[in-house]
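Okay, so here's the structure we're looking at.
Computation of the quantities below employed the complete heavy-atom set of this structure, encompassing side-chain atoms and omitting hydrogens, waters and symmetry-equivalent molecules. All chains are named by letter (A, B, ...) in the order of the sequence lines, taking the proteins before the strands, and each is independently numbered beginning at 1. This structure is a prediction, so every number in the text was calculated from the model and none was measured.
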Amino acid sequence: MSNNQKRIGKEFQECTQTPPKGCTVKLVDESNLLKWEIIMDGPEGSIYEGGHFKLLLTLPNDYPFKPPVLNFQTKVYHPNITNDEKGSMCLGMLRADEWKPPNKIINVLKMARGLLEAPNPDDAVETSIAEQYKNDRKGFEKTAKDWTKKYASGK
Amino acid sequence: MSEYDDDRELYYLGNEPDYAASVLASGFRAAPELDFAVGDLDDFNFEPFVTAAPRGQTSRTASLLQSSGLLQVDEFQRLVELKRDESSESGTYSPVGLRSLEYVTTPNENLICAICTSPFIKPVELNCQHIFCEECLYDHLKSGIQSASLCPKCRDPIESLCPTSRLLTQLLDELEVVCPNEPCGCKTLHKRYTIHDHVSSYCDFENVPCPAADCERFIPRRLLNGECLHSQLECDECEDLMMEMELEVRVLPTISYSISLTRQQDHIKNKCPSGLLCCKHCALNLRRGDLAEHHARDCEKIPISCRGRIIGCPITGPRQFVNEHMKTCPIALMAPHIQEQNERQSKLQAETSQIRSQLIDLETKFDELEASFKQLSTSIKRERRQSLATGGTVSASRVEELTGRLDELALDHNSRIDNATSENARMHMNFVNESLRNQQQFHTFNATLTVMRNQLNMLSSLRATGNNANNTTNAANAVNAANSGSSGIGLDSVRREPPKL
């Protein structure tokens, strides 16, 4: 399926030339279009403000028919991001049964940043964090800020 | 929606009255009618290869489709595969891949396929009226994902496929593209539907099969003249092997259709390292390959500058003259040393700047450390203060209490010492008084004793000298009268002594 190379190239160009707000995109390895490294700044005014989060976007070989996978390589305290070394982000549009080929990576990035701005505890992967988000918002915000400072403040 | 459908119906009925009828009448079109040969890429008004669902007849088509299920999609897949096989078999030489074309301007968004994000190539329309490239849709159907049988956009089940309207294909045809041989030098722009003709028939930069029957190589079209240009030629002068074709390209980068002996002459004149050249300074004949060295070292006439130029010697001229000059020029003599110094200096400067940047790095790190240290020390102080504040209230009151006790004890102790001292003084006084009294008594006794001793002496002397009993009795009476104590002794002695008298 070599047809997707051109599309991926175009999308990469789009993401580097007019990147979504607060994102910088580059390839992990110049010779491999399927692995992207994204530095996402925490949205202003959110609890993640000031953080620089490193994300890995992996495109499957049969992209765009199958969804890309988004991993947070920087630890982040968030109900929709798994708290393990994978840091998988649970984004509705990225689920295999939700994904549509017309979706674009630039929109995935925008959605991901939107989720940082407003977590979605009803669709959580970390249930304990989601509980805390619902019941003890102050405690949640404090931990999230601490983690942002601790893990995501470096460049 | 109904209004929309009506409009479409009107449009088609008005413009292509026979379209719907003919498609309806034809029903399924069988594969043999399709022509998918690669050479027909410019056939953009491609014939419907699956039954068109004629607009305006949607309900009838739907019922037709329901009865046949997904057969048409399967048919489509079969056809696309057929097409692939054909193209791979016949495809030794396929000039244009439409997918790799570069568009001159960004096409309208409505002409873009959502799957490949490029302008549609052979668009097909689904029953939900979404349009995709034929090949993209094929990839989607073959992708094996759960929703492969649904429209990639709206997820309606795919029931039928039909060609898109002429309007869309015409809009796509009109798009302007860059010739795919642009990297080789063709700077022409073309409408997309003519690009195939251009490349396959006209483009001078397109590589086409060599006309020679026994040669399997390719050659740019502009060099075609009916003979094979792939034979190796040997330059008489430099013994370099090259193809005739390369000779042409190297010597004449601009387009040339004439191929003659001059190619070889050109090679010798312009490229061949063994070609003879005349040095323009000293008129010496030299091989091309030796010319550079001749200029750098030998040529007597070539203008050079004095070695001392770097520190200001203005002398320039032919090498012979400058060499003579340099023998006497003090600046030229100094120049090598100065140059060395300069080099060393620049090296040092580079090192210094490197060290400076390192220093800056270190300073920033140090600042960071200092800041964190300050932070730490303030936090430590704060903690210490906090711990003191909690434990101190108890101990302070305790200390006061203890100090009070201590003061009390000290007072008690002092008063006790005072008491003891005054007692001691009083006792001492008593003692002194007593001893004085005793002393007086002792003195009086002593005096009395002396008196008595005198009387005793006198009495004993009286007894020794006189024998008068009367006197003795008088004396004894006198003694008795004086002192009953001593008289006792005196009486004893008197009582014992009388028999002797």
Side-chain angles (χ1 to χ4, degrees), chain A residues 1-20 25 33-34 36 50 52 57-69 91-111 142 145-146 149-155, chain B residues 80 84 87-88 91 94 97-103 106-107 109-123 126 128-156 158 177 180 361 364-365 368 371-372 375:
Chain A
M1 201 167 299
S2 59
N3 285 342
N4 64 5
Q5 293 291 320
K6 191 162 185 196
R7 164 163 173 171
I8 296 172
K10 268 189 185 176
E11 289 206 48
F12 181 71
Q13 206 177 8
E14 186 183 11
C15 286
T16 45
Q17 285 175 356
T18 52
V25 180
L33 265 177
L34 299 181
W36 297 19
H52 306 283
L57 184 97
T58 315
L59 300 170
N61 280 328
D62 34 10
Y63 180 81
F65 301 107
K66 286 186 183 163
V69 180
L91 204 59
M93 71 188 289
L94 289 183
R95 273 206 293 262
D97 51 339
E98 289 275 329
W99 175 256
K100 292 180 185 176
N103 294 344
K104 287 186 170 185
I105 295 169
I106 197 162
N107 295 327
V108 171
L109 296 183
K110 282 177 187 164
M111 290 282 281
K142 188 177 180 305
K145 276 183 186 168
D146 285 353
K149 205 170 173 189
K150 193 168 169 190
Y151 300 110
S153 58
K155 279 269 174 187
Chain B
V80 174
R84 294 222 158 171
S87 66
S88 62
S94 72
L98 287 181
R99 292 208 167 270
S100 54
L101 287 177
E102 289 295 325
Y103 292 81
T106 313
E109 222 173 281
N110 294 308
L111 302 179
I112 302 288
C113 168
I115 294 180
C116 63
T117 66
S118 297
F120 293 114
I121 292 164
K122 290 200 174 185
L126 303 181
C128 55
Q129 294 177 355
H130 284 125
I131 301 174
F132 303 95
C133 304
E134 179 202 284
E135 205 174 335
C136 293
L137 196 62
Y138 171 80
D139 285 339
H140 171 69
L141 292 170
K142 292 284 283 178
S143 65
I145 58 171
Q146 212 176 2
S147 52
S149 61
L150 310 177
C151 167
K153 263 191 172 169
C154 67
R155 303 197 168 209
D156 276 1
I158 301 175
V177 295
D361 267 9
T364 51
K365 269 183 202 160
E368 277 167 26
S372 58
Q375 208 179 346

Which pair of heavy atoms, one from Ser100(B) and one from Lys6(A), lies closest together, and at what distance?
C-NZ, 3.8 Å
Heavy-atom distances under 4.5 Å only: say whether Glu98(A) touches chain B with side chain, backbone, both or neither.
backbone
Bottom line for Cys136(B): the part with an atom under 4.5 Å from chain A's heavy atoms is backbone
Heavy atoms of Arg7(A) and Cys116(B) approach each other most closely as CB-O, 3.6 Å
Return the OG to CZ distance between Ser147(B) and Phe65(A), rounded to the nearest 0.5 Å.
10.5 Å
Between Pro152(B) and Pro102(A), the two heavy atoms sitting closest are O-CD, 3.3 Å
Considering the options Asp139(B), Ile115(B), Thr117(B), which one meets the side-chain contact (heavy atoms from CB on, under 4.5 Å) requirement together with Pro64(A)?
Ile115(B)
Trp99(A) and Arg155(B) have their tightest heavy-atom pair at O-NH2, 2.5 Å
Lys10(A) versus chain B, the contacting section by heavy-atom distance below 4.5 Å:
side chain
Testing the basics here: between Gln146(B) and Asp97(A), what is the closest heavy-atom pair and its distance to 0.1 Å?
OE1-CB, 3.9 Å
Taking Lys100(A) for its side chain and Lys153(B) for its backbone only, find out whether a donor-acceptor pair lies under 3.5 Å.
yes
For Arg95(A), all residues meeting salt bridge (charged side-chain N to carboxylate O under 4.0 Å, His left out), sequence neighbours excluded
Asp123(A)
